[in-house]
Amino acid sequence: MMLQGLIRTFQLLAIAAILAFLLAPVLLVFPISFSADAYVSWPPSGWSTKWYVALLENDEMLEAFRNSFLLALYVTVLTLLIATPAAVALARSTFVGRDTLISIFTAPLLLPSIVLGLAILIIFVGQGLVGTWPGMILGHLVITLPYALRVLLTGLGTLPMFVEDAAGTLGAHPLTVFRRITLPLMTPALVATGALSFIVSFDEVVISLFIAGTQLKLLPVSLYHYVESRTDPLVAAVSAIMVLGTLLIVLIMERAMGLRRTVAK
């Protein structure tokens, strides 16, 4: 019994150490964002909220934040509109090459972001899409759709098909079955897909760097260029707000229908 207690204690300490190691870079941005120093240092010599005030007075950052938020919103809506019927068709149909088709649709998840960004840039340059809203939306859809398709296929795989079959045998039209049976049952997977698509799009930096150009300001790109020439804690203030925003989305998912039920069963 004593040996089992020691093993249990060691396991808990190991888990705590791993969590501390993983979360330390994220948690450190909060005290650094309240630093009174003119550059990033640890520990700060004093405390101040001046970098949050500076962020509110930085028109370029505010414009970039607004553009990134709108872009993520557009991408999330389009991702749900495209991925939902595609996932239902793939999950509820059996045909030759189905697994190959799913592998092709989710292939961007296997490619390094820099390779994917360069390939998109080569295609978009010839079409005049670099530095445009349609180009940014299409570029982000390339990375959000595979995530969405994978999550929705997993969610559909857990749904009881006999409910849909029962509705069909009772004379319901396929569209009625989808609207009144399948879609409500898919709600947790749709919420998870929307949240994931929004976060991925809002935080995407590599593809945005390739496509944004000089005309379109996005928050990840603006932060990337900002840290190239400055080392003040304003970036930590932005990072703290982004971490809190991501946490807020997770809490809303948990409050609305339960995180475990939303992500997977």
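Fair warning: this is a prediction, and the values are worked out from it, not measured in the lab.
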State, yes or no, whether a side-chain contact exists between [X] and [Y] at a heavy-atom distance under 4.5 Å.
X	Y	answer
Glu60	Ser222	yes
Pro146	Pro108	yes
Leu138	Gln127	no
Pro31	Trp47	yes
Leu70	Trp133	yes
Leu121	Val130	yes
Val75	Phe202	no

Could you state whether [X] and [Y] fall into the same hydrophobic cluster, counting links through intermediate Ile, Leu, Val, Met, Phe, Trp or Tyr residues with side-chain heavy atoms under 4.5 angstrom apart?
X	Y	value
Ile241	Val53	no
Val115	Leu209	yes
Ile18	Phe21	yes
Leu149	Val77	no
Leu141	Leu109	yes

Nearest 0.5 Å, what's the [atom1]-[atom2] distance between [X] and [Y]?
X	Y	atom1	atom2	value
Ile114	Ile207	CD1	CD1	11.0 Å
Leu55	Leu62	CG	CG	6.0 Å
Leu234	Ile32	CG	CD1	13.0 Å
Leu218	Tyr224	CG	OH	15.0 Å
Ser68	Glu63	OG	CD	10.5 Å
Ile122	Phe210	CD1	CZ	9.0 Å

Within the 3.5 Å criterion, strictly below it, is a donor on [X] or [Y] matched to an acceptor on the partner's side chain?
X	Y	result
Tyr52	Ser33	yes
Tyr226	Asp232	yes
Thr144	Thr79	yes
Ser208	His140	yes

Please say which of Thr76, Ile137, Leu219, Leu216 ends up in a side chain to side chain contact (heavy atoms under 4.5 Å, CB included) with Leu71.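 One option only clears the test, and that one is Ile137.
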| request: Could you go through the side-chain contact (heavy atoms from CB on, under 4.5 Å) check for Ile211 and Leu129 one step at a time? | output: CA-CA 8 Å; Ile211 306 175; Leu129 293 173; over 6 Å; no
**Asked** When the aromatic ring centroids of Tyr74 and Phe69 are compared, is their separation below 6.0 Å?
**Response**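 No, the ring of Tyr74 stays outside the 6.0 Å limit from the ring of Phe69, centre to centre.
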*Worked check of side-chain contact (heavy atoms from CB on, under 4.5 Å) between Arg150 and Leu145*: CA-CA 8 Å; Arg150 179 60 65 190; Leu145 283 173; over 6 Å; no
Specify the closest pair of heavy atoms between [X] and [Y], including all atoms of both residues, with the distance to one decimal.
X	Y	value
Ala87	Leu152	CB-CB, 3.6 Å
Met242	Leu223	SD-CD1, 4.2 Å
Lys50	Ser35	CE-O, 4.4 Å
Ala189	Val151	O-CG1, 4.0 Å
Ala212	Met136	N-SD, 3.7 Å
Gly139	Ile120	O-CD1, 4.2 Å

TODO: Might you work through the side-chain contact (heavy atoms from CB on, under 4.5 Å) test for Trp51 and Val235, ending with a clear yes or no?
DONE: CA-CA 9 Å; Trp51 296 112; Val235 175; over 6 Å; no
By ring pair (Phe, Tyr, Trp, His ring centres under 6.0 Å) - contacts of Phe124 (at least two apart) =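 Here no residue qualifies.
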Open item on the list: With a sphere of 6.0 Å drawn around CG of Leu247, does it hold more than 12 non-hydrogen atoms of other residues, nucleotides or ligands?
Closed with: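 Buried by this count: over 12 neighbours within 6.0 Å.
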Using modelled atom types and a 3.5 Å cut-off, is there a donor and acceptor pairing between side-chain atoms of Ser197 and backbone atoms of Gly194?
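Looks like no, no N/O pair under 3.5 Å.
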